[in-house]
Amino acid sequence: MNYPFWDVPVSYGVLMAVIAVFHVFVSHFAIGGGLYLVVSEHLARKAGDARRLEFLERLSKFFVLTTLVAGALTGVGIWFIIGLISPTATEALIHNYVWGWATEWTFFVVEIAAAMIYFYGWKTMAPRAHMAVGWIYFVFAWLSLFIINGIVTFMLTPGQWLATGDFWDGFFNPTFWPSLVLRTGVCVMLAGLYALLVVARCEAGGFKERTVRWSAGWGVAGLAVTAVCQYWYWKAIPAAVTAKALQTMPTPIHSMEISVWLAVAIGALLVVFGLLAPRKLGYGAAAALMVLGLAWFGAFEWFRESIRKPYILAGYIYGNGVEVAQADRYKKEGLLAQMAFKTGDDGADLFRHACQSCHMLNGYKALKPAFDGMDRAFIAAIVRATHQLKGNMPPFPGTAAEAEKIAGYLGHHTDKRPLAEIYKLEGVELGRKAYAIRCGVCHVIGAASDKSQSFAGQSADDLNNMLNTAADLGEGMPAYTGDAAERKALVAFLQELGKGGKK
Ligand code: HEC
Ligand code: HEC
C-alpha cells in the first residue's frame, strides 16, 4: 500500500477494457498488416501488377497512420492507466521484466522507423530495398509481440516463476506458445479484415474480386489458426483454474462462449462474401466483419483478464493490489496500518483499497444493490467472507474491526428501508430477493454450493430454526438479521427451493 488510491467515478475494469482492447486491436493489426503488405508487394511486383501496387500504397498510408499514431498513443495510454489503477502490479512487472521492456521498446523503435521508411519509399526506393524494409518492419513488429506475449501470459500463468523467480521461467510460461501462435493468427486475420474494408470501396471488377478473395483468404487462414490455438490455450491454463472458472466464474466462461460464436460469425461472413461471392462484398459487410473482429478480440481479452481473478498477477498479487505473501500479515496488523496515504475517512479508504479496484458503489459491478436493505452486521460479515462468495474474490485483507468500518461506510451509502419497501415485493418474490442478497452470493443455485437439497421436506419451523442458527452453519456464514416479514417470505422461498420446483 505504498501508493495512494486513484479515486475516479469510472470503473477500473471498464477504463482498462476500453483502452486495452483498442490497443491490442491496433497493435495486432499492425503486425499482420505489415506481413500482408510486403507479401502482396512481392506478388504484385513479380506479376508487374501496377494496379495492385497502387492499391498497396494506398493501404499502407492508412495503415501507417493508424498503427503508428493510434498504436503508439494507446500503448503509452496503457502504461498511464495501469500505473494509476494497479501501481503495485505495474511496479512488479517493471522490476521483473525491465530488460524485457527495454528490448521491446528497442524493437518498437525499429518497427516505427521501418514503417515510415516503407511508407515514404514507395516511389523513391528501389523495389528490392523497399521490400527489405517491409520485412524489417514485419519482423520487428512480430518480435515486439514475442516479448509482450511473454509478459502478458506471465500474468495469468507464471508457472515455475512463483518458485524460482527466474526471468525465463516467467517468460516462457505455460501459456506462452499457445498465446503467441494464437496472436499471430489474430494478426493475420485482422490484416485480411482490414484489407477487405479498404478494397470494399474499390469499383467492382476483376481487381476487386481478386483482392477480396486474397484478403478473405488471410482472414480465414488467421481465423483457423486462432480457433485451434484457443483450445490449446485453454488446455495450457492449469486445470484447477479452468475447473474453478467453469463452476463459479460466469464472466470468463460467458466471454469464452461469446468469442466462439463471434468466430463462427466471422468465418461464415468471410466464406460467403469473401470466397463464394466476392462481387457482393460491400462496405457494410466489410465494416460488419471489422466490428465482429473487434468484438471477438474484446471477448477473448475479457476472458483472459477475468479468468485471472482473484489475481492481477496470478499467485503473486491480488486484484486489489495486495501481495499474496503479505495477505496474512495485513489480516493481523490491519490494512490501515499499511497505507502510506490516507484521507482521514477510514471506512472510505478501506473500501477503496480492499474493494474499489473491482467494484463501484454504483455503476459497474455495483455493490449498492448487494447491500440495500441490509444492516451493518450483515455487511460486515460479507466483507469478511469475500473469498467465499461467488466471483472468486481475494480474501478481505484487514481485521474484523476494519470490516466493521467498511460496513459503516457502505451502510452510510445504501438504502436502509426494508427489502419489501425498496423493491415493492411480497411473498415468495420477496423471499427470492432476500435469498439472492443474503444467501445466493455464496450458495449459487445450480452450482456446487447450492443448498436447496437441505431445505427439502423442512417445515417452516425447521427453517426458522435454521435461520436462528445461521451463523453457526458454516465458516463465514452471516447471522440472519432480516425483519419478520422478510423472514417469512424467505422461509417460503426456501420451501420452494426444497421442492426443486420454481427456482
Ligand atoms: C479482484 C476483484 C474484486 C475485489 C477486490 C472484490 N470483489 Fe467483490 N466481486 C468480484 C467479482 C468478479 C464478483 C462477481 C460478480 C458477478 O458475478 O457478476 C464479485 C461479487 C461480489 C458480491 C456479490 C454481489 C453481486 O452483485 O454479485 C459482493 C457482495 C462483493 N463482491 C463484495 C465485495 C467487497 C465488500 C469487496 C471488498 C472487501 C470486494 N467485493 C472485493 C470481484 C472483486
Ligand atoms: C458468506 C457466505 C455464505 C452466505 C452468505 C450464506 N452461507 Fe450458508 N454456508 C456457507 C458455508 C461456508 C457453509 C458451510 C460449508 C457448506 O456446507 O457448504 C454453509 C452452510 C449452509 C448450510 C448447511 C448445509 C448442510 O447441509 O449442512 C445451509 C442450510 C445454509 N448454509 C443455508 C444458507 C442460507 C439459507 C443462507 C441465507 C440466509 C446462507 N446459507 C448464506 C456460507 C454462506
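Sequential numbering from 1 along the given sequence is applied to the chain's residues. Counting starts at 1 for both ligands and their atoms, in listed order.
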Practice problem: Under 4.0 Å, heavy atoms only, figure out whether ligand 2 is touched by the backbone of Ser449, its side chain, both or neither. | Solution: neither
Practice problem: Quick one: look at Ile406 and ligand 1, take heavy-atom pairs under 4.0 Å, and tell me if it's side chain, backbone, both or neither. | Solution: neither
Exercise. Please identify which atoms of ligand 1 are closer than 4.0 Å to at least one heavy atom of Thr386.
Key: 33 (C), 34 (C), 36 (C), 38 (C), 39 (C), 40 (N)
Self-check item: Residue selection (non-hydrogen contact nearest atom 14 (C) of ligand 2) among Gly474, Ala448, Ala436
Solution: Gly474
Quiz item: For His359, is at least one N or O under 3.5 Å away from an N or O on ligand 1?
Solution: yes
Quiz prompt | Heavy-atom closest pair, residues Thr386 and Pro395 | solution = OG1-C, 3.9 Å
Self-check item: Nearest neighbour in protein (non-hydrogen) for atom 25 (C) of ligand 2
Solution: Ser454 OG, 4.0 Å
Self-check item: Interfacing atoms of ligand 1 (cut-off 4.0 Å, heavy-atom, Cys358)
Solution: 1 (C), 2 (C), 3 (C), 4 (C), 5 (C), 42 (C), 43 (C)
Practice problem: Show the numbers, then the answer: is there a ring-ring contact (aromatic ring centres under 6.0 Å, His included) between Trp296 and Trp261? | Solution: CA-CA 9 Å; Trp296 178 88; Trp261 284 113; over 10 Å; no
Practice problem: For atom 26 (O) of ligand 1, find the nearest protein heavy atom and state the residue, atom name and distance (0.1 Å precision). | Solution: Ala366 O, 4.5 Å
Quiz item: Where do Val228 and Trp232 land on the side-chain contact (heavy atoms from CB on, under 4.5 Å) test, with the steps shown first?
Solution: CA-CA 7 Å; Val228 174; Trp232 180 20; 5.6 Å; no
Exercise. Determine, using ring centers only, whether Phe146 and Phe176 are less than 6.0 Å apart.
Key: yes
Quiz item: Does the ring centre of Phe5 sit less than 6.0 Å away from the ring centre of Tyr12?
Solution: yes
Self-check item: Contact flag His443/atom 8 (Fe) of ligand 2, N/O/S atoms, threshold under 2.8 Å
Solution: yes
Quiz item: Relative to the heavy atoms of Ala385, which atoms of ligand 2 are at a distance of less than 4.0 Å?
Solution: 1 (C)
Quiz item: Of all the atoms in ligand 2, which lie at a distance below 4.0 Å from a heavy atom belonging to Glu475?
Solution: 12 (C)
Quiz item: Who's the nearest protein heavy-atom neighbour of atom 34 (C) of ligand 2, and how far?
Solution: Cys439 SG, 3.4 Å
Quiz item: Given Pro310, Ala354, Ala370, Pro397, which has its nearest heavy atom closest to atom 5 (C) of ligand 1?
Solution: Ala354
Exercise. May I ask you to identify the nearest protein heavy atom to atom 27 (O) of ligand 1, giving residue, atom name and distance to one decimal place in Å?
Key: Lys390 CE, 3.1 Å
Quiz item: Which protein non-hydrogen atom lies closest to atom 28 (C) of ligand 2, naming both residue and atom, and how far is it?
Solution: Leu473 CD1, 3.7 Å
Exercise. Tell me which one of Lys451, Arg438, His387, Met477 gets a heavy atom nearest to atom 16 (C) of ligand 2.
Key: Lys451
Quiz item: Of all the non-hydrogen atoms in the protein, which one sits nearest to atom 32 (C) of ligand 1, and at what distance?
Solution: Leu367 CD2, 3.5 Å
Practice problem: Determine, for Arg308 against Glu305, whether the closest basic-nitrogen to carboxylate-oxygen distance falls under 4.0 angstrom. | Solution: yes
Exercise. Would you confirm whether the ring centroid of Tyr233 sits within less than 6.0 angstrom of the ring centroid of Phe300?
Key: yes
Quiz item: Mind checking whether atom 8 (Fe) of ligand 1 has an N, O or S of Met393 under 2.8 Å?
Solution: yes
Quiz prompt | Protein contact to atom 13 (C) of ligand 1 [nearest heavy atom, distance to 0.1 Å] | solution = Gly391 CA, 3.7 Å
Quiz prompt | Distance-only donor-acceptor check, side chains Thr157 and Asn173, under 3.5 Å | solution = yes
Quiz item: Can a non-hydrogen atom of Ala470 be found less than 4.0 Å from any atom of ligand 2?
Solution: no
Practice problem: Can you pull out the closest protein heavy atom to atom 29 (C) of ligand 2? Residue, atom name and distance to 0.1 Å, please. | Solution: Met466 SD, 3.6 Å
Quiz item: Going by the atom numbers of ligand 2, which of them fall below 4.0 Å from some non-hydrogen atom of Gly476?
Solution: 1 (C)
Quiz item: With a 4.0 Å cut-off, would you call Asp349 and Lys342 a salt bridge?
Solution: no
Quiz item: Checking only N/O/S atoms, does Cys355 have one that is under 2.8 Å from atom 8 (Fe) of ligand 1?
Solution: no
Quiz item: Is the gap between the ring centers of Trp161 and Tyr316 under 6.0 Å?
Solution: yes
Quiz item: Do NZ/NE/NH1/NH2 and the carboxylate oxygens of Lys331 and Asp328 come within less than 4.0 Å?
Solution: no
Quiz item: Do Phe297 and His28 have ring centroids that are under 6.0 Å from one another?
Solution: yes
Quiz item: What part of Pro394 sits under 4.0 Å from ligand 1 if we count only heavy atoms: the side chain, the backbone, both or neither?
Solution: side chain
Practice problem: Look at Arg183 together with Glu301 and state whether they make a salt bridge at an N to O cut-off of under 4.0 Å. | Solution: yes
Exercise. Kindly say whether the aromatic ring centers of Tyr97 and Phe167 come within a distance under 6.0 Å.
Key: yes
Practice problem: Starting from atom 23 (C) of ligand 1, find the nearest protein heavy-atom neighbour and note its residue, name and distance. | Solution: Val441 CG1, 3.7 Å
Exercise. Tell me whether the centres of the aromatic rings in Phe154 and Phe171 are closer together than 6.0 Å.
Key: no
Quiz item: Of all the atoms in ligand 1, which lie at a distance below 4.0 Å from a heavy atom belonging to Gly319?
Solution: 1 (C)
Practice problem: Starting from atom 18 (O) of ligand 1, locate the nearest protein heavy atom and write down its residue, its atom name and how far away it is, to 0.1 Å. | Solution: Lys365 NZ, 4.2 Å
Exercise. Within a distance under 4.0 Å of any heavy atom of Leu389, pick out the atoms of ligand 1 and give their elements.
Key: 22 (C), 28 (C), 29 (C)
Self-check item: Which of the ligand 2 atoms, numbered from 1, are nearer than 4.0 Å to a heavy atom of Cys442
Solution: 1 (C), 2 (C), 3 (C), 4 (C), 5 (C), 43 (C)
Quiz item: Does Lys433 come within less than 4.0 Å of Glu486, counting only side-chain N to carboxylate O?
Solution: no
Practice problem: May I ask you to check whether Glu323 and Thr88 show a side-chain donor-acceptor distance below 3.5 Å? | Solution: no
